2 protein chains.
Amino acid sequence: MPVGLGDEDIERLEQVTRKKKILKAGDTLFRAGDPFSNLYAIRSGSFKSAVIGADGDTQVTHFALPGELLGLDAYSGGSHPGYAEALEDSSVCVLPFTQLENLAQQVPALQKQIYNIFSEELKQDSDVLLLLGKRSAEGRLAALLINISSRYARRGYSASEFKLSMQRIDIANYLGLTAETVSRLISRFQKQGLIRVQGRSITILDLIALSELAGTHCSYENG
Amino acid sequence: MPVGLGDEDIERLEQVTRKKKILKAGDTLFRAGDPFSNLYAIRSGSFKSAVIGADGDTQVTHFALPGELLGLDAYSGGSHPGYAEALEDSSVCVLPFTQLENLAQQVPALQKQIYNIFSEELKQDSDVLLLLGKRSAEGRLAALLINISSRYARRGYSASEFKLSMQRIDIANYLGLTAETVSRLISRFQKQGLIRVQGRSITILDLIALSELAGTHCSYENG
DNA sequence: CGCTTAATTGACTTTCCTCAAACCTGGTGG
DNA sequence: CCACCAGGTTTGAGGAAAGTCAATTAAGCG
């Protein structure tokens, strides 16, 4: 993932990235309150991360796909604010943060890369906020599908055909909807010829129409 | 804001933090697309930041209060993904990031502090997601009030009495609601004796009841 | 003091949630 | 190999919540 480093630096970095971890579907990578020690880069599979509110209800905050990073939000508090659970059989690369930090102190390019990762994460969060800001359920789901599609595309996977590894109820929770609504919408999108769904695998047939659903329908201020 | 630094380091840091900027209500601190060069620490006043979606509709992503930081999400892309606008007459401290970065390279404690700020920001975002995850409008608004209250408290301001400097439509946009709904809820909260509202200044009368509104009402899975 | 913009309130409509039932799908055991 | 079971998903009907449209009141500002 890191780019712009010298060969020697990369070699040193590889020492940090040696440790791998395999998880089965449903396994938790870390739990809320676990001490922060590692970052996790997803090599294969996918995860959901969620926080548990003071009142005990769960909120899914992210879906993490191959090539993406998990655990960064634990830095400040020293412990993970939420948990991460594998949505399917997955494997991650374990990155001990203190080692990474030390190395970064010596390698400015890596330093910048770390800032980059942090900032990337922040930007992704603001994308999510944009997504959740869509008032209609339709817009939200469309936006999520596009979001996931583009994230796959970005890492070199197919943008139009992928597996929605999370279950409906997780999508619903994430979008602030109910599983029923999500299910209905998926059916509708399919009837409209926007997507094709086969269980959990999904094909995007009409990205443009989908984008319009995600975008338009919001006759709000153009601030 | 930075803690855990030596006296000498702090002095060097102060050279970085000399520049101030004054803004009137409605002024923009930076616009979407502006190159990333500075971070901004809010000395007084408050800001909203918002992103503009591909379709042109605006989504308010943050409200920034005194003592908080703005602009961090611009790092990765090299430019600001959204704009920031002063909600009232405000003053900020301008922090040139390259200078900060260089200094951090020499001062590990500052380095950690920067990570901390990044991570803090991420954690705050996940709080926001938790907030937006509340399905009822009532719960969302209650959660926002509590969130703002606690952020004021944290910086040493009164937790129970403060100014809601943003206008209703911004709150609505932020929460994924309409201005009318927000207005109705505020009225209702007032009738119920939870808050007192005088234009934009607000007094929290019953934090406990408010917390219950924010928390409960979500008969969801207890994950 | 009048004008403009923001906030509130009301009546009505739409959307989404709730509750409930039926339906797949994958795994287990007879 | 098939029946059965459990969890997840889909679909339907009815109700509650929030949105829309429109009118009124309040608040800022020159």
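Computed from a predicted structure; not experimentally measured. Numbers restart at 1 for each chain; the letters A, B, ... are given by sequence-line order, proteins then strands.
- Nearest nucleotide to the side chain of A:A137, out of D:dT11, D:dA18, C:dC16: C:dC16.
- At least one side-chain heavy atom of A:V182 sits under 4.5 Å from a side-chain heavy atom of A:I186.
- In this structure, of C:dA7, D:dG8, C:dT9, it is C:dT9 that holds the atom nearest to the side chain of B:S187.
- Atoms CG (B:L141) and C1' (D:dG19) sit 16 Å apart, rounded to a whole Å.
- With hydrogens and angles left out, the side-chain atoms of A:E88 and A:S46 include a donor and acceptor closer than 3.5 Å.
- A:P66 has its side chain within reach of A:Y152: a pair of non-hydrogen atoms, C-beta onward, lies under 4.5 Å apart.
- Look at CG on B:L185: it is 13 Å from C1' on D:dG19, rounded to the nearest Å.
- The side chain of B:L177 lies closest to D:dA18 when the candidates are C:dC17, D:dA18, C:dA6.
- Over its length, the helix from C:dC1-D:dG30 to C:dG30-D:dC1 turns its helix axis by 40°, as judged from the five terminal pairs at each end, rounded to 10°.
- With D:dT9, D:dT20, D:dT11 as the candidates, the nucleotide lying closest to the side chain of B:R184 is D:dT20.
- Residue A:T178 places none of its side-chain N or O atoms closer than 4.0 Å to OP1 or OP2 of C:dC16.
- What separates NZ of A:K191 from P of D:dT10 is a distance of 11 Å, to the nearest Å.
- The distance between atom NZ of B:K163 and atom C1' of D:dG28, rounded to the nearest whole Å, is 12 Å.
- Within the 4.0 angstrom heavy-atom criterion, no nucleotide atom of any strand lies near B:R140.
- Two residues are said to be in side-chain contact when any heavy atoms from C-beta on lie closer than 4.5 Å; B:F97 and A:Y115 meet this criterion.
- When atom types are taken as modelled, the side chain of B:S126 and the backbone of B:K123 share a donor-acceptor pair closer than 3.5 angstrom.
- For B:K134 and D:dA17, the NZ to C1' distance is 18 Å, given to the nearest whole Å.
- Nearest to the side-chain atoms of B:R168 among the listed nucleotides C:dT8, D:dT9, C:dC17 stands C:dT8.
- Nucleic acid contact for A:R188: none, since no nucleic acid atom lies under 4.0 Å from a heavy atom of the residue.
- Between the side chain of A:T203 and the backbone N or O of A:E161 there is no donor-acceptor pair closer than 3.5 Å.
- In this structure, B:G139 reaches neither bases nor backbone, as no heavy-atom distance under 4.0 Å exists between it and the strands shown.
- Whole-Å rounding puts the B:R200 CZ to C:dT5 C1' distance at 11 Å.
- Crowding of A:R196 atom CZ: a count of heavy atoms from other residues, nucleotides or ligands under 6.0 Å not exceeding 12.
- For B:T181 and A:Q198, each mapped to the nucleotide of DNA chain C holding its nearest heavy atom, the one lying further toward the 5' end belongs to B:T181.
- Residue A:E180 contributes atom CD, which lies 18 Å from atom P of C:dT15 at whole-angstrom precision.
- Rounded to whole angstrom, the span from the CD atom of B:E138 across to the C1' atom of C:dC16 amounts to 17 Å.
- Using a distance-only test at 3.5 Å, with no hydrogens or angles considered, a donor-acceptor pair links the side chain of A:D89 to the main chain of A:A25.
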